[in-house]
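Heads up, the thing below is written out as structure tokens.
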Amino acid sequence: MSNHSSSVRVRFAPSPTGPIHLGGIRTALYNYLFAKKCKGTFILRIEDTDPNRFVEHSETHILESLKWCGILPDEGVGCGGSSGPYYQSQRGNIYRFYIHQLLQNGHAYYAFDTDQEIDQKKKECQDRGIMFSYNHRFRMELTNSLTMTKQQLHSKLQEGVPYVVRFKIRPGKILNIRDLVRGNIVMHTEHLDDKILLKSNGMATYHLASTIDDYLMRITHVIRGSEWIPSMFLHVLLYRSFGWISPHFVHLPLILRKDGKGKISKRNLDGNFPVFPIQWKDLEHNKVIPGYRELGYFPESFVNMLVLLGWNPGKKKEIFSLHELEDMFSLNRIKKSNVFFDIKKSIWFNKQYVCKNKQKVLFFLYEKLTKRSILYKKNYVVKVIDLTIDRIYFIHEIWSHTFYFFVSPHTYDISWLEKKDKHFIISTLKNLYHVLFHMEDSLENIKGEFYNKIKEDKKRYIMQMMRLALIGCLKGIDLITIIRMIGKEESMKRIQKLIDHLNEKI
RNA sequence: GGCCCAUUCGUCUAUUGGUUAGGACGUCAGGUUUUCAUCCUGGAAAGAGGGGUUCGAUUCCCCUAUGGGCUGCCA
């Protein structure tokens with residue numbers, strides 16, 4: 001039992017306010033990996049404390065994205081557990097119970113100020129050249145339970161005047177909080193403001209809810225983006241005011257946009273690289289934004305690329321499976337400084353996985369051929385893949401690199417020979433046709449025979465012409481190999497086809 | 001404005017007081033491929049600046065600069 005209570009429990013706690021982006025996935029990934037490494041528990045909790053910002057389908061997007069990446073929770077939304085419910089919107093009673101405690105012991109107070117009153121106060125401060133903050137300095141000048149008698153408070157509450165509950169921060173203390181990757185971070189409490197814990201609609205704010213939930217769900221390590229560092233102090237104070245011990249904190253470097261305009265977010269989709277793991281249907285603007293999945297990335301490659309953005313194993317190796325990562329992940333190799341995402345490296349990563357997944361490429365090509373009603377022998381297609389796989393970065397690129405093994409070209413890139421004499425070109429092609437015609441069907445000695453029979457000084461040019469006939473452009477694998485693959489008959493046919501094509505043009 | 005965090009090649013990063021500062025992506029050159037790509041070989045490319053501490057600092061401390069975050073009844 002004692003073992004159980006000390007075991008690692010971490011959570012990923014997104015809010016359903018829009019699609020999840022790669023920063024969120026990385027946070028989930030690090031939580032997941034740390035849990036696996038420690039044989040702990042990875043919990044998925046939905047922080048839906050703000051109904052105003054609720055976006056339809058975003059929860060599905062989050063869940064499906066995690067699933068696509070292979071980041072599956074052990075407990076929480078989608079898989080149950082004994083610490084539920086795992087939706088914060090269903091935990092209102094719990095939060096109200098605890099807020100009552102805080103109100104009772106003087107750690108929190110009621111505030112009745114309207115937006116207009118706060119704005120007024122802000123303006124006043126601005127005129128005096130100081131910044132307004134709802135804190136120890138100003139709270140005694142505002143409308144709250146600290147500045148009224150018990151009777152006044154009672155009657156306000158009786159009348160149903162809307163209020164919020166604020167946390168009372170006591171100035172004059174120095175907080176020295178440990179972050180597992182950054183070391184100690186120091187903060188003077190006079191710089192903190194009296195954050196709202198309970199909104200006027202009766203719902204807890206994120207700060208209150210997540211603090212209580214983390215405690216109740218026995219979270220041992222809070223691993224999240226470094227944009228949360230400033231609120232860590234509030235959270236710690238909240239734990240203390242309840243008499244609870246804080247979990248360990250780990251703040252992750254942010255993934256920045258390359259155009260130097262801050263952190264990535266679901267609100268700015270116009271960055272210079274895709275941000276969503278899977279496609280997002282933006283109902284508001286009626287458009288579909290493709291994700292890495294739709295762009296042809298393997299989830300393994302996406303995860304591999306992502307894990308190295310802010311963490312590394314300290315070895316020269318770079319290709320890791322999720323399983324390997326579960327074994328080698330460690331918090332102390334997370335770096336502190338923010339990172340930029342490099343789309344080119346992500347493409348290179350995918351290529352590594354293309355080569356590892358020959359079978360998938362094969363099946364993709366089978367399908368492509370079937371769709372085009374092209375008959376094929378499996379062995380032949382396997383050979384084709386072997387010859388071409390190292391030319392592609394994404395599976396869907398395979399057809400444009402292999403079509404010529406199955407069909408003759410239907411267009412010709414003849415721009416490069418337009419300067420040449422057309423009659424000479426045609427006679428050369430006819431000559432090539434005859435050279436092939438006189439060759440044995442097995443094409444065993446094709447290389448030698450071929451080169452013997454074409455003029456030494458024009459070899460390069462003639463071979464290019466041959467390539468044009470067989471492929472339609474100056475690309476593709478070794479010519480001799482192509483001729484052997486498609487055979488003598490087909491090669492001759494293609495030469496004749498190009499001759500006909502050129503004749504039409506003259 | 002206030003507070004907090006960070007700073008090694010263009011990018012991801014190694015090196016946690018003594019290294020010719022290493023690797024990967026990208027880039028450039030050469031080779032292979034009679035094309036293109038792959039691949040191979042090689043090159044260019046970094047400790048933000050200034051002060052300390054130390055026999056010795058990329059590494060520890062301070063200042064400045066730059067970048068980033070927070071400063072919402074958002075999370």
Side-chain angles (χ1 to χ4, degrees), chain A residues 13-18 24 47-50 52-53 88 111 113 115 118 126 129-134 162-166 179 182 185-188 190-193 195-207 209-210 224-233 251 253-254 256 258 260-263 265 267 305 308-319 332-333 335-349 351 355 387-393 401 416 451 454 458-468 471 473-481:
Chain A
S15 64
T17 54
E47 312 224 315
D48 50 352
T49 48
D50 187 2
N52 296 328
R53 281 192 60 206
Q88 290 186 331
D113 316 86
D115 289 347
I118 299 269
Q126 212 168 24
I130 48 175
M131 271 305 261
F132 172 77
S133 172
Y134 209 119
Y163 66 87
V164 297
V165 176
R166 286 184 181 268
D179 177 294
R182 281 153 207 269
I185 305 176
V186 177
M187 173 66 84
H188 293 70
E190 52 256 49
H191 294 134
L192 269 25
D193 61 339
K195 279 272 179 298
I196 291 174
L197 301 179
L198 197 75
K199 304 185 228 184
S200 57
N201 64 2
M203 291 180 81
T205 58
Y206 163 83
H207 298 295
S210 77
R224 69 223 316 183
S226 67
E227 75 262 37
W228 293 105
I229 292 176
S231 24
M232 172 172 70
F233 305 99
H251 288 96
L254 263 20
L256 264 25
K258 210 149 187 183
K261 288 197 179 116
K263 61 172 181 170
S265 94
R267 283 174 240 175
M305 171 264 301
L308 263 11
L309 240 46
W311 175 88
N312 78 88
K315 293 173 189 155
K316 302 228 160 140
K317 198 183 159 193
E318 288 194 289
I319 304 297
N332 58 15
R333 296 202 69 91
K335 42 167 255 171
K336 301 176 199 169
S337 53
N338 294 341
V339 299
F340 288 95
F341 175 77
D342 183 2
I343 189 77
K344 285 185 176 163
K345 188 144 188 180
S346 79
I347 293 171
W348 175 82
F349 267 114
K351 182 184 171 60
C355 295
L387 289 166
T388 55
I389 194 165
D390 60 1
R391 308 171 85 86
I392 62 166
Y393 291 83
H401 286 87
W416 67 278
Y451 291 153
I454 53 178
K458 294 243 160 59
K459 251 184 204 170
R460 186 186 172 88
Y461 176 57
I462 292 169
M463 292 302 279
Q464 285 181 336
M465 201 103 69
M466 183 75 168
R467 184 173 289 280
L468 190 67
I471 300 175
C473 61
L474 299 186
K475 287 179 182 170
I477 68 156
D478 172 55
L479 247 192
I480 301 296
T481 309

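Keep in mind the model is a prediction, meaning the values are calculated, not measured. Numbered from 1 within each chain, the chains take letters A, B, ... in sequence-line order.
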| remark: note: A/Ile343, atom CD1; B/rG10, atom C1'; distance rounded to Å ~ 16 Å
| Any donor-acceptor N/O pair, A/Asp193 side chain to A/Tyr134 backbone, under 3.5 Å | no
| query | Which nucleotide, B/rG68, B/rA6, B/rC74, lies nearest any side-chain atom of A/Lys336? | reply | B/rA6
| Closest listed nucleotide, where the reference is the side chain of A/His191 and the choices are B/rU7, B/rA75, B/rC3 | B/rC3
| task | Could you check which nucleotide pairs with B/rU33 in any of the strands shown, counting Watson-Crick or G-U wobble with both distances under 3.5 Å? | result | none
| Is there a donor on the side chain of A/Arg53 or the base of B/rC74 sitting less than 3.5 Å from an acceptor on the other? | yes
| Side-chain donor/acceptor of A/Arg53 to backbone N/O of A/Thr17, under 3.5 Å | no
| What nucleic acid atoms does A/Val339 come within less than 4.0 Å of, heavy atoms only: base, sugar-phosphate, or nothing? | sugar-phosphate
| Going through the checks in order, is the side chain to side chain contact (heavy atoms under 4.5 Å, CB included) test met by A/Met305 and A/Phe341? | CA-CA 9 Å; A/Met305 171 264 301; A/Phe341 175 77; 3.0 Å; yes
| task | Check every atom of B/rC12, B/rC4, B/rU7 against the side chain of A/Phe340 and return the nucleotide holding the closest atom. | result | B/rC12
| query | Under 4.0 angstrom, heavy atoms only, what part of the nucleic acid is A/Arg333 near: base, sugar-phosphate, or nothing? | reply | sugar-phosphate
| Do side-chain atoms of A/Thr205 reach the backbone of A/Ile196 as a donor and acceptor pair under 3.5 angstrom? | yes
| query | Which residue, A/Lys351 or A/Tyr163, contacts RNA chain B at a nucleotide closer to its 5' end, judged by nearest heavy atom? | reply | A/Lys351
| said: Rounded to whole Å, please give me the gap between CZ in A/Arg224 and C1' in B/rC70. | reply: 12 Å
| message | Tell me if a side-chain donor or acceptor on A/Arg467 pairs with a main-chain N or O of A/Lys475 at a distance below 3.5 Å. | response | yes
| query | Which part of the nucleic acid does A/Lys315 contact within heavy-atom distance under 4.0 Å: base, sugar-phosphate only, or nothing? | reply | nothing
| task | Go through the side-chain N and O atoms of A/Arg182 and A/His251 and say whether any donor and acceptor fall under 3.5 Å apart. | result | no
| query | Does A/Lys351 use its side chain to pair, donor to acceptor, with the backbone of A/Asp390 at less than 3.5 Å? | reply | yes
| said: For a quick check of understanding: with a heavy-atom distance under 4.0 Å over all strands, which category does A/Gly225 fall into, base, sugar-phosphate or nothing? | reply: nothing
| Starting at CD of A/Gln88 and ending at C1' of B/rC74, how long is that distance when rounded to a whole Å? | 13 Å
| request: Using the closest heavy atom to pick a nucleotide of RNA chain B for each, name whichever of A/Asn312 or A/Trp228 lands nearer the 5' end. | output: A/Asn312
| query | Are any side-chain N or O atoms of A/Asp48 and backbone N or O atoms of A/Gln88, one a donor and one an acceptor, separated by less than 3.5 Å? | reply | yes
| request: Could you please name the option among B/rA6, B/rA75, B/rC73 that lies closest to any side-chain atom of A/Thr49? | output: B/rA75
| task | Please determine, for B/rC70, whether a Watson-Crick or G-U wobble partner exists with both distances under 3.5 Å, and give it or none. | result | B/rG2
| request: Indicate, with a heavy-atom threshold strictly under 4.0 Å, whether A/Met187 touches base, sugar-phosphate, or nothing. | output: sugar-phosphate
| request: For nucleotides 23-35 of chain B, just jot down a letter per nucleotide in 5' to 3' order: B, S or -, based on protein non-hydrogen atoms under 4.0 Å. | output: SBBS------SBB
| query | When we call it a touch if two heavy atoms are under 4.0 Å apart, what does A/Thr388 touch: a base, just sugar-phosphate, or nothing? | reply | nothing
| message | As a test of reading the structure: which of B/rC74, B/rC4, B/rU11 is closest to the side chain of A/Ile185, going by heavy atoms? | response | B/rC4
| request: Provide, to the nearest angstrom, the distance between the CD atom belonging to A/Glu227 and the P atom belonging to B/rC70. | output: 6 Å
| field | Between C1' of B/rA75 and NZ of A/Lys195, the distance in whole Å | value | 12 Å
